[in-house]
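What follows is a single structure, written as structure tokens, with notes after it.
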Number of protein chains: 2
Amino acid sequence: MADIKPSANPLFLREEELRQGMELLFYAYRDFTAEPDAMLAQYGFGRAHHRVIYFVGRYPGSTVSDLLAILRITKQSLSRVLGQLVREGFVTQTPGPRDRRQRLLNLTPKGEELERRLSENQRALIARAYREAGAEAVEGFRKVLLGMIEERDRAKFERTGYPGPVPIRRPG
Amino acid sequence: MADIKPSANPLFLREEELRQGMELLFYAYRDFTAEPDAMLAQYGFGRAHHRVIYFVGRYPGSTVSDLLAILRITKQSLSRVLGQLVREGFVTQTPGPRDRRQRLLNLTPKGEELERRLSENQRALIARAYREAGAEAVEGFRKVLLGMIEERDRAKFERTGYPGPVPIRRPG
DNA sequence: TAAATATGTCAATATGGCTGACATAAAACC
DNA sequence: GGTTTTATGTCAGCCATATTGACATATTTA
């Protein structure tokens, strides 16, 4: 034991580096969600409601299928949460114009207001971290996270120089 | 609408950039936890068990209080999960030598084996992303995430050049 | 017309979080 | 030595969020 010099042990350093990455993600996510969770609790909502509100706000006119693909939860889990949001007037459902089976989802003004309050908090957290870390670090942050997510979701993050996300591909 | 040039609208670009950051975090965390969640399900465990196994493996001899501070859950929530892990032989509890009220937590060989299987998967995911993004990007990734986490937890991530986490401060 | 798709819904189940109250043992303090 | 604080555990009850599997309906596509 005593004769193992750490600097002579690149594998240990490597594992340490990777574990730090794992933990950074854990802590960041923990702190990233803490305040919104507290806000949501005032409405009797949880993190699942937040995700639905966020992504419907982000991609107006999303369908249930779109959300299922993003959130990776079951139809039933989404249904309960979405049903609540619709009943309580945060989200509207309108039949799809081309495919009338679809229910296009949108935020009501009330929904937009809540979305804004929630994401404002998170944007401020990220904005501060970005500002302190600098533009180059932000590039690295993006690059590493992009490499961690499933290939099929990466297209959402192309840099177009134009505001707004890449619209959801809707065949038909 | 038509006369707003995106490039003349730095605030929109700024918000878009921040939202992309939020979403990158969401997708990365989603994909980071997907496979371990599936493994854990085979044992009848969930993500909470994973976190306990991970941090006990990472900081052997942790106390219940240490875990509570890291995980930010209640004693009762931890107790249920920890109790299961102890009963099923993944974690041991031994009285603290200096403070006998404490129960120092450690992984059994069985616990270490599970920890290894779980974190191996996540380390591989991060390793690939690190490799593809390059050392400079990794620095940026660390820097931004560090800026997002609570100040008091940042000390855990000092670069000592020596393998192993900064030991848990244990007063007394 | 038949098959596939988008969505909804029901029942049952499990995990993981919460609060609040209470208990014990040990350490720390005066 | 006596009091207070700390570390931990436990009980009962509650709620949010996820699961599976089965089934139903409307609509589109082949």
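This one's a predicted model, so the numbers in the text were calculated from it and none came from an experiment.
Minimum atom distance to the side chain of B/Ile73 is reached by C/dG17, of the listed D/dT8, C/dG17, C/dG16. Side-chain proximity of B/Gln93 to D/dG9, C/dG16, C/dC18: nearest is D/dG9.
What separates CD of A/Gln102 from P of D/dA26 is a distance of 17 Å, to the nearest Å. D/dT6 atom C1' lies 8 Å from atom CG of B/Asp99, rounded to whole Å. Atom P of nucleotide D/dT19 and atom CD of B/Gln42 are separated by 17 Å, given to the nearest angstrom. Between the CG atom of A/Leu78 and the P atom of D/dA18 there is a distance of 9 Å, rounded to whole Å. Atom CG of A/Leu82 is separated from atom P of D/dT17 by 13 Å (rounded to the nearest Å). To the nearest angstrom, P of C/dG8 lies 11 Å from CD of A/Gln76. Between the CD atom of A/Gln84 and the C1' atom of D/dT17 there is a distance of 11 Å, given to the nearest Å. Nucleotide C/dG8 holds its P atom 10 Å from the CG atom of A/Leu67, rounded to whole Å.
Judged purely by atom type and a 3.5 angstrom limit, A/Arg154 uses its side chain to pair as donor or acceptor with the backbone of A/Leu146. Judged purely by atom type and a 3.5 angstrom limit, B/Asp66 uses its side chain to pair as donor or acceptor with the backbone of B/Thr63. Remark: side-chain polar atoms of B/Asp31 are paired, donor with acceptor, to backbone N or O of A/Glu150 under 3.5 angstrom.
No hydrogens or angles were tested; on distance alone, nothing pairs the side chain of B/Arg103 with the base of D/dG9 as donor and acceptor under 3.5 Å. Judged by distance alone with a 3.5 Å cut-off, no donor-acceptor contact links the side chain of A/Arg100 to the base of D/dA26.
Using a 4.0 Å cut-off, some side-chain N or O of A/Ser77 falls inside it from OP1 or OP2 of D/dT19. Not one side-chain nitrogen or oxygen of B/His49 sits closer than 4.0 Å to the OP1 or OP2 atom of C/dT15. The side chain of B/Thr74 contributes no N or O atom lying less than 4.0 Å from OP1 or OP2 of C/dG17.
We find the CG-CG distance between A/Leu118 and A/Leu40 to be 5.0 Å, quoted to the nearest 0.5 Å.
Using a 4.0 Å heavy-atom distance criterion, A/Gly83 is classed as making no nucleic acid contact. Residue B/Arg80 is in base contact, counting any heavy-atom pair closer than 4.0 Å across all strands shown. Among the protein residues, A/Gly44 comes within range of the sugar-phosphate backbone only, with heavy atoms under 4.0 Å from sugar or phosphate atoms but none that close to a base.
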Stepwise side-chain contact (heavy atoms from CB on, under 4.5 Å) check, A/His50 with A/Met39
CA-CA 10 Å; A/His50 187 185; A/Met39 286 187 207; over 6 Å; no
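Mapping A/Ser79 and A/Arg101 onto DNA chain C via the closest heavy atom, the residue that lands nearer the 5' end is A/Arg101. Of the residues near DNA chain D, A/Gly46 and B/Lys75, the one whose nearest nucleotide (by heavy atom distance) lies more toward the 5' end is B/Lys75.
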